[in-house]
Amino acid sequence: MQRRENLLYVGIDLHKETHTAVMVNCWNEKLEVVVIENKPSEFKKLEEKVNRKSNRLGLEPIYGLENAYGYGRSLAVWLIENGYIVKDINPALAYDQRKSAPMLRKNDEHDAYCVATVLINQLHTLPDAKPKDNEWTLAQLVNRRDLLVKDGIRFKNGLHEQISMAYPSYSKFFSEIDGKCALYFWKTYPSPVHLQEKTAEELTMEFKEISPIIRKDKAELILDCVQNDGDTIREYQESRDFITTSLVRDLEHQKEELAGLDKEIEKILLSFDYKLTSMPGIGTSIASKLIAEIGDIRRFPNADKLARFAGVAPVKFSSAGKGKEQSSRQGNRQLHGLFYFLAVTMVSKPKNGAPNHPVFYDYYIRKIGEGKTKSQALVCIMRRLVNIVYGMMKNKTEYREPIREEEQ
């Protein structure tokens, strides 16, 4: 175990354009401040100044980066590749350190000093920074996918607004407003004025080029609904038609980009060799999000640590030996949301009446029978899911179906 007095602590406050580093000894004395630009050519400058100071004092440098997976990822990778010890400082720890002493103003130098102080005080408990390229790249792909999905929702809502004015009965002939035939129809016939003198046979032939299984009664239904809706053409209809076709082009592009992203995500998932998709309810999208949020599973010694990180484990509040456990409001909220979504999926019953996952559903019903609320029972499901996901990632094994009690 490293002795604190033998180390030179370098706390770094990270930003998009610049990084501020403060060198501190084990007695919390500030020795030197270095400001560099956030680019590899400047990292050597930081190394030289830190090594000069450490050689003069006879100390070994150790670096602490506030969130080594954000703006400081490039620096963390560079330092690790050059053989230095790099610790990942949780921003919450640095924030608590800043608030522990009154400050009239906030600046980068003080923030870096607080990072160094956390590094000194929690030297033996802080995790090593391990910014692996595949984990970082997967997280970037997942973020990009989430943004595209949100864009698609906005485009669909805008299309609903335009189509509902031109085709009030549109939901009767297109249940999905963004299906292939639907998008073709909105793009070609953004309002009924473009359907004039169009026959059901002609419309059917156009649809068959998009979907060969389409039938003539679809085209007949469209023309009947348009006739029954009456005159929906209004002033400046041409401008509104432009909006409709523009939204369709956005949706087509969004779908194309989303398909490309899904292929890239599937490709990079192979580098992890996890088998999360073997579990019912976990598809490629959920699996990629779980891996991106959890990161290196080896940084969690057991499933309890992962549950605490995800905010699933309860927190005990007590005084004088008395207290109670409450649900945690801390932890990674994105990961917490993923486990909540999985828990709801497991105990849900589709229209056929059979639960998606009978074993989890039985467990859910049993917990409610024990007096727990539905929310508390779902937390119990989430906790079991954490154990399963942890085991599958730790051992890189496939999902094994639990045995139901009546089958034992």
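Using a 4.5 Å heavy-atom cutoff, the side chains of Tyr113 and Val33 are not in contact. For the pair Val312/His336, a side-chain contact is recorded, criterion being any heavy-atom separation below 4.5 Å from C-beta on. You'll find the side chain of His124 reaches within 4.5 Å of the side chain of Arg4, heavy atoms only. Between Phe339 and Val389, the closest side-chain pair of non-hydrogen atoms falls below 4.5 Å. Using a 4.5 Å cut-off on side-chain heavy atoms (C-beta onward), Cys181 and Ile214 make contact.
Within 6.0 Å of CD in Glu32 there are more than 12 heavy atoms belonging to other residues, nucleotides or ligands. Applying the 6.0 Å contact sphere to OH of Tyr184 captures more than 12 heavy atoms from other residues, nucleotides or ligands. No more than 12 heavy-atom neighbours from other residues, nucleotides or ligands sit within 6.0 angstrom of CD on Glu17. Within 6.0 Å of CZ on Arg299 lie more than 12 heavy atoms contributed by other residues, nucleotides or ligands. Residue Glu398 places its CD atom among 12 or fewer non-hydrogen atoms of other residues, nucleotides or ligands, all under 6.0 Å distant. Heavy-atom neighbours of Gln227 CD from other residues, nucleotides or ligands within 6.0 Å: at or below the threshold of 12. When the shell of 6.0 Å around CD of Glu238 is examined, it contains 12 or fewer heavy atoms from other residues, nucleotides or ligands.
Of the charged side-chain nitrogens involved, at least one lies within less than 4.0 Å of a carboxylate oxygen, so that Lys275 and Asp273 count as a salt-bridged pair. Salt bridge Glu252/Arg249: absent, no basic N to carboxylate O contact under 4.0 Å. The existence of a salt bridge linking Glu370 and Lys372 is excluded, since no basic side-chain nitrogen approaches an acidic carboxylate oxygen closer than 4.0 Å. Between Glu48 and Lys45 no salt bridge is recorded (no basic side-chain N to carboxylate O distance below 4.0 Å).
A salt bridge (charged side-chain N to carboxylate O under 4.0 Å, His left out) with Lys255 holds for exactly one of Asp151, Asp178, Asp250, Asp262; it is Asp178.
Residues Tyr390 and Phe300 keep their aromatic ring centres 6.0 Å or farther apart. Aromatic pair Tyr167/Phe185: centroids less than 6.0 angstrom apart.
Note: Tyr399 and His357 have perpendicular aromatic rings, judged against thresholds of 30 and 60 degrees for the angle between ring planes.
One N or O on the side chain of Gln254 and one on the backbone of Leu148 form a donor-acceptor pair closer than 3.5 Å.
No cation-pi contact links Lys198 to Tyr189, judged by a cut-off of 6.0 Å to the six-membered ring centre and 45° from its axis.
Inspection of the Asp241 and Ser191 side chains reveals an N or O donor paired with an N or O acceptor under 3.5 Å. Using a 3.5 Å distance cut-off with no hydrogens or angles, the side chains of Arg234 and Gln237 do not pair a donor with an acceptor. No side-chain donor-acceptor contact under 3.5 Å links Asp229 and Tyr170.
In this structure, NZ in Lys289 is found 10.0 Å from CD in Gln334, a value given to the nearest 0.5 Å.
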